[in-house]
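Below is one structure, written out as structure tokens; comments come after it.
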Amino acid sequence: FRIGAQGRHTRPPFSHFPTHGHRTISDQMDKCRAPALLAVLLIHSAYGYQRQQSAVSSQGELRPHQSQPYRQVMHNFRGVDMQYTADVKIGNQLVQGVLDTGSFELLVFTKDCKVCGNAGKLYNGTESPTYEKGRLKTKHVFGSGPAWSTEAFETVTVGPYEAPHVSFWEVYNADFGQLMQNSNFQSIVGVGPPGVPEAEAEIKAGEAKAKADWWDHQVTEPLKETAPFIPVPNPLKPAAKKRENERKYVLTRNYSLLEVYDTHKFSVCLQKPMGKEGYFIWNDDSVEMHPSYFEHVPVIGKYTWGVRLQNIRLLDPEVALSESKGSDGFIPVGQAPSYAAVVDSGTSLLVMPTSVALNISAALNRVDIDCDKVLLHPELLPQLHFTIGGKSVVLPASAFLGSFVEPVPTKPSSWFRAGVVRMKCGLELMVMTEDAETQFGPLWILGMPFFREYYTTFDLGTTSDGKNSDRALHVAKASAQGCLPSKGVIAYQSVDALGETHVQSWLRKVRISQLRVP
């Protein structure tokens, strides 16, 4: 969910989508996915949409495929644990794609983009016999900056899954700063809950109609009473008609690969050891195979993988393990009674409110830490505890402590509102900060560190009528080796599906220029 600093906090939290651009058949749409939009999508009421369900539509007929699980490797770029990509075939060309639970559509960087990385790896539609140009233009605004693109259609293949005439966005220009110089991806594969483009079109059409109706009631009708023979055209009706045509057009398209591939459940897991790859499991059946390993977490966001987060505390393991009375080792660091957290595989670090980050820093500086000892035994560093959907989550120090090995560059600096927070023992608070509000409280983003500790299954649920459903996450402790769901034993050990016990990994050193920001 990406938006630049220019767009942050410019709209009230209950506004729906940006007003300074439009997604239409003939002109440009401006789409922001980031804290501001994520907050909106978390609180969005049941607008509902009905997608065309015909077996053959303008989207094309899908090639039949079996829904058996497919465990796809996510490559760890340069082994620095900040960017993971997977093989995606666009037409006849193989590209690297970020499988992103925080976005909703397929973006592909093309040869026409001169600032999108290695030109030899970018997609070229003129070389594909299955490429077809679309009619729309759009602007996506990410935390790294904006990207401009046009609609197109192409055969898209992921492992054994293939579908023709899939809607996607061809990126022909972007302003991502240093990101593309320090990256190896040519596409962003949105696997957020389906429905955002359709909901956006629905909202735009509704807003335009409301404005046209207002003109009729407030201007046209009174004028007709005073001057019944003078025609009074409604200047807002053409825009309303355009938005309605757009709504109908968007409903004939399918922008979600989850729907295209008929995937109702998928999982994300990143291996704990530094430099190791991660996995994206399409049509995962682990919840059915190991039900006792998983906790059920309801999703509160209609168009995001958003969950309720509460009871944020630090735990000092040495105090907890000691026999001293009067303290359980927990230090509260949250301020709000409840937070909203979006679970996002495309963000490199945890993102939390500035106040929480500063509270964690202050608490850590009060904890008695033996610097020489924790260098050899990082498990003695404080842990971060909280609940999501009422279920307990424990993140070790490696999820939020470490060190940065370069200064904050210009582009992502807005994600470090508290600065780089330095603490004792040469440690730094390895999180990003953002202050956005939702109906459920201040916004968090559970990024890649969460997936190193928890094997997370995303379940779309069984209903698809645009109303609240049984959509949920299923969360299990991740094994230290191989990324399997496991049954947690103690905070720093786990038993995986093979019955083996493993110990977790060390603190990381991070280059900020290689981060993927929300």
Side-chain angles (χ1 to χ4, degrees), residues 2-4 6-7 18 20-34 58-60 77 83 85-100 103-158 163-190 197 246 249-250 253-255 257 260 346 411 513 516-517:
R2 328 300 196 211
I3 193 171
Q6 178 183 3
H20 50 281
H22 308 283
R23 177 198 217 130
T24 65
I25 295 174
S26 58
D27 53 33
Q28 187 171 353
M29 181 276 287
D30 185 10
K31 176 174 181 294
C32 300
R33 55 178 297 280
S58 62
Q59 185 66 30
F77 177 57
Q83 298 178 27
T85 63
D87 297 343
V88 180
K89 197 173 181 183
I90 310 296
N92 56 4
Q93 300 164 53
L94 187 67
V95 301
Q96 290 300 301
V98 175
L99 300 175
D100 185 7
S103 62
F104 319 99
E105 298 171 287
L106 174 61
L107 280 71
V108 180
F109 299 93
T110 70
K111 65 176 182 59
D112 294 327
C113 184
K114 306 304 181 185
V115 292
C116 291
N118 188 333
K121 296 182 178 180
L122 299 178
Y123 171 75
N124 186 352
T126 62
E127 295 181 356
S128 173
T130 51
Y131 168 81
E132 180 182 332
K133 198 167 188 61
R135 302 158 63 184
L136 303 182
K137 289 186 177 182
T138 188
K139 176 184 176 183
H140 295 78
V141 184
F142 293 79
S144 307
W148 294 267
S149 56
T150 58
E151 183 190 37
F153 303 89
E154 182 61 283
T155 298
V156 178
T157 306
V158 175
H165 209 249
V166 174
S167 301
F168 75 101
W169 296 106
E170 278 190 288
V171 178
Y172 61 84
N173 193 15
D175 183 12
F176 288 168
Q178 298 181 5
L179 176 63
M180 301 309 291
Q181 302 172 20
N182 296 287
S183 301
N184 188 41
F185 63 89
Q186 298 83 46
S187 67
I188 299 174
V189 182
E246 171 198 343
Y249 176 80
V250 168
R253 300 296 183 258
N254 198 331
Y255 297 94
L257 277 188
V260 167
K411 277 292 182 181
S513 61
R516 287 209 72 242
V517 300

Query raised in the report: Val108 versus Glu154: any side-chain heavy-atom pair under 4.5 Å?
Result: no
**Report entry** CZ-SG distance between Phe176 and Cys116, expressed to the nearest 0.5 angstrom
**Finding:** 7.0 Å
Query raised in the report: Which heavy atom in Ser103 sits nearest to a heavy atom in Ile188, and how many Å separate them?
Result: OG-CG2, 3.7 Å
Requested in this report: Kindly determine whether Leu257 and Val156 satisfy side chain to side chain contact (heavy atoms under 4.5 Å, CB included), including the steps that lead there.
Outcome: CA-CA 9 Å; Leu257 277 188; Val156 178; 4.2 Å; yes
**Report entry** Check: Trp169 and Leu136 side chains under 4.5 Å, non-hydrogen atoms
**Finding:** yes
Report task. Supply the atom-to-atom distance Phe185 CZ to Leu107 CG, rounded to the nearest 0.5 angstrom. Result -> 10.0 Å
Query raised in the report: What heavy-atom pair brings Asn184 and Thr85 nearest, and what distance separates the two atoms?
Result: O-CG2, 4.2 Å
**Report entry** Non-hydrogen atoms of Leu99 and Ala86 that approach each other most closely
**Finding:** CD1-CB, 3.7 Å
Report summary line: Shortest non-hydrogen pair, Tyr131 vs Ala152, comes out as CE1-CB, 3.6 Å
Query raised in the report: What orientation do Phe153 and His165 show, parallel under 30°, tilted 30 to 60°, or perpendicular over 60°?
Result: parallel
Query - Phe168 CZ to Leu106 CG distance, which is reported to the nearest 0.5 Å - result: 7.0 Å
Report summary line: Rounding to 0.5 Å, atoms CZ (Arg135) and CD (Glu246) come to a distance of 11.0 Å
Query raised in the report: Looking at side-chain heavy atoms only, is the closest gap between Val158 and Val189 below 4.5 Å?
Result: no
Query raised in the report: Between Val95 and Ser187, what is the shortest heavy-atom contact and its length?
Result: CG2-OG, 3.8 Å
Query raised in the report: Looking at OG of Ser128 and NZ of Lys89, how far apart are the two atoms once the value is rounded to the nearest 0.5 Å?
Result: 9.5 Å
**Report entry** Value rounded to 0.5 Å, distance of OG1 in Thr155 from CD in Gln93
**Finding:** 12.0 Å
Query raised in the report: Is there side-chain contact between Asp87 and Leu94, with heavy atoms separated by less than 4.5 Å?
Result: yes
Query raised in the report: Could you give all pairs that pass the salt bridge (Lys or Arg N to Asp or Glu O under 4.0 Å) test and reach residues 121-131, with sequence neighbours left out?
Result: none
Query raised in the report: Would you say Glu170's side chain and Thr110's backbone share a donor-acceptor pair under 3.5 angstrom?
Result: no
Query raised in the report: Gln186 side chain to Gln96 main-chain N or O, any donor-acceptor pair under 3.5 Å?
Result: yes
Report task. Verify side-chain hydrogen bond (donor to acceptor under 3.5 Å, both in side chains) between Ser183 and Gln83, making sure each step is shown before the conclusion. Result -> CA-CA 8 Å; Ser183 301; Gln83 298 178 27; 3.2 Å; yes
